[in-house]
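Side chains included, hydrogens not; waters and symmetry mates left out as well; all remaining heavy atoms used. Chain letters run A, B, ... following the sequence lines, proteins first and then strands; every chain starts at 1.
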Amino acid sequence: MYTYRKAYRPFVSPNDPCPPMWVKTYETPPQLYLGFQPYGMPQFPPMEALRWGTLWPALFAPYSNPYKQKRMGGYRWNGQMNGSRYTNS
Amino acid sequence: MEWTDERFKVYQQLMKEIQAVDFVLVELNLYLDTHPNDQQAVEQYNDYVRQSAALKSRFQSMFGPLYGFGNSYTTCPWSWKEAPWPWQV
């Protein structure tokens, strides 16, 4: 399922006291890609717009919690769970 | 005016409709800030302003003032402070 979420690999130092986070993600909402909003974009009906939180379906950007799908302590990002301590592959 | 279940349902339904229409107005307002000459959006905005005014006058005729401090007519006795308050609905 295509999402606006992107990921990066922070530096993990051997001296980190806590278990490392191999992958961190951030949300990139559609308005970053949209630039100037075009005219006459399709709209939700009022009741729907209230529920979705926006009048235009194209601009809907749920700020979902990436850690909800965390399993066994490691954070899973499209399949790769944990790199080894030094190599983040 | 005592409260019956049925009357409270009408209250909630009308309040939800007002909320939806006002949300669309907020969205259109922000949209028109950056697209001042979008004729179609201006017409839609004015339609929703009429719709919102109609909904609010209907609501206020049935349930008393929605806003205080001169923003809506009041009943006698003064009922602006009467229940239900927004968080009770």
Side-chain angles (χ1 to χ4, degrees), chain A residues 1-11 21-71 73-80, chain B residues 5-63 65-67 71-72 84-89:
Chain A
M1 194 269 284
Y2 177 74
T3 68
Y4 297 109
R5 192 166 283 282
K6 294 203 173 349
Y8 65 99
R9 291 184 179 283
F11 173 74
M21 282 191 69
W22 298 108
V23 175
K24 284 190 173 175
T25 62
Y26 54 96
E27 188 74 35
T28 54
Q31 59 261 29
L32 299 183
Y33 308 101
L34 202 58
F36 191 75
Q37 185 173 341
Y39 290 80
M41 275 177 28
Q43 293 186 2
F44 281 125
M47 278 301 188
E48 290 286 318
L50 191 60
R51 190 166 302 110
W52 287 89
T54 172
L55 192 52
W56 295 277
L59 296 180
F60 174 67
Y63 202 72
S64 52
N65 176 355
Y67 300 105
K68 272 256 177 337
Q69 31 140 337
K70 213 169 117 167
R71 278 181 291 282
Y75 170 69
R76 186 177 301 279
W77 173 248
N78 52 42
Q80 302 136 26
Chain B
D5 276 354
E6 186 269 337
R7 184 158 177 264
F8 191 65
K9 275 201 177 45
V10 171
Y11 183 102
Q12 278 178 326
Q13 181 53 29
L14 259 178
M15 192 62 96
K16 190 178 264 192
E17 276 163 29
I18 288 171
Q19 205 180 359
V21 167
D22 282 357
F23 178 74
V24 170
L25 282 169
V26 164
E27 289 276 302
L28 282 175
N29 190 324
L30 297 174
Y31 173 80
L32 286 167
D33 287 347
T34 51
H35 301 67
N37 38 39
D38 182 342
Q39 180 60 28
Q40 193 242 345
V42 167
E43 275 159 25
Q44 185 183 2
Y45 182 85
N46 288 329
D47 289 347
Y48 276 98
V49 169
R50 269 194 297 276
Q51 207 176 325
S52 168
L55 272 176
K56 281 171 184 162
S57 62
R58 212 170 108 220
F59 182 92
Q60 286 178 142
S61 61
M62 290 164 70
F63 299 108
L66 254 176
Y67 304 105
N71 293 313
S72 57
W85 284 80
W87 56 86
Q88 293 169 313
V89 175

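- Once rounded to the nearest 0.5 Å, the distance linking NE2 of B:H35 with OH of A:Y39 reads 5.5 Å.
- Not counting sequence neighbours, the partners of B:W85 by the ring-ring contact (aromatic ring centres under 6.0 Å, His included) test are B:W80, B:W87.
- Within 6.0 Å of atom CG in B:D5, 12 or fewer heavy atoms from other residues, nucleotides or ligands are found, so the atom counts as exposed in its surroundings.
- Here the shortest heavy-atom pairing between B:F23 and A:L55 reads CE2-N, 4.4 Å.
- When the heavy atoms of residues 29-38 of chain A are compared with those of chain B, the residues falling under 4.5 Å are A:F36, A:Q37, A:P38, listed by number.
- Using a 4.5 Å cut-off between heavy atoms, A:Q43 contacts chain B through its side chain alone, with no backbone atom that close.
- The two residues A:T54 and B:E27 make their nearest non-hydrogen contact at OG1-OE1, 3.6 Å.
- Annotation: B:R58, atom CZ; neighbour count of heavy atoms from other residues, nucleotides and ligands within 6.0 Å does not exceed 12.
- Between chain B and the options A:P45, A:G40, A:G53, heavy-atom pairs under 4.5 Å are most frequent for A:G53.
- Summarising the geometry of B:Y48 relative to A:P46, their closest heavy-atom pair is OH-CG, 3.4 Å, with the distance given to 0.1 Å.
- Heavy-atom distances place the side chain of B:Q44, and not its backbone, under 4.5 Å from chain A.
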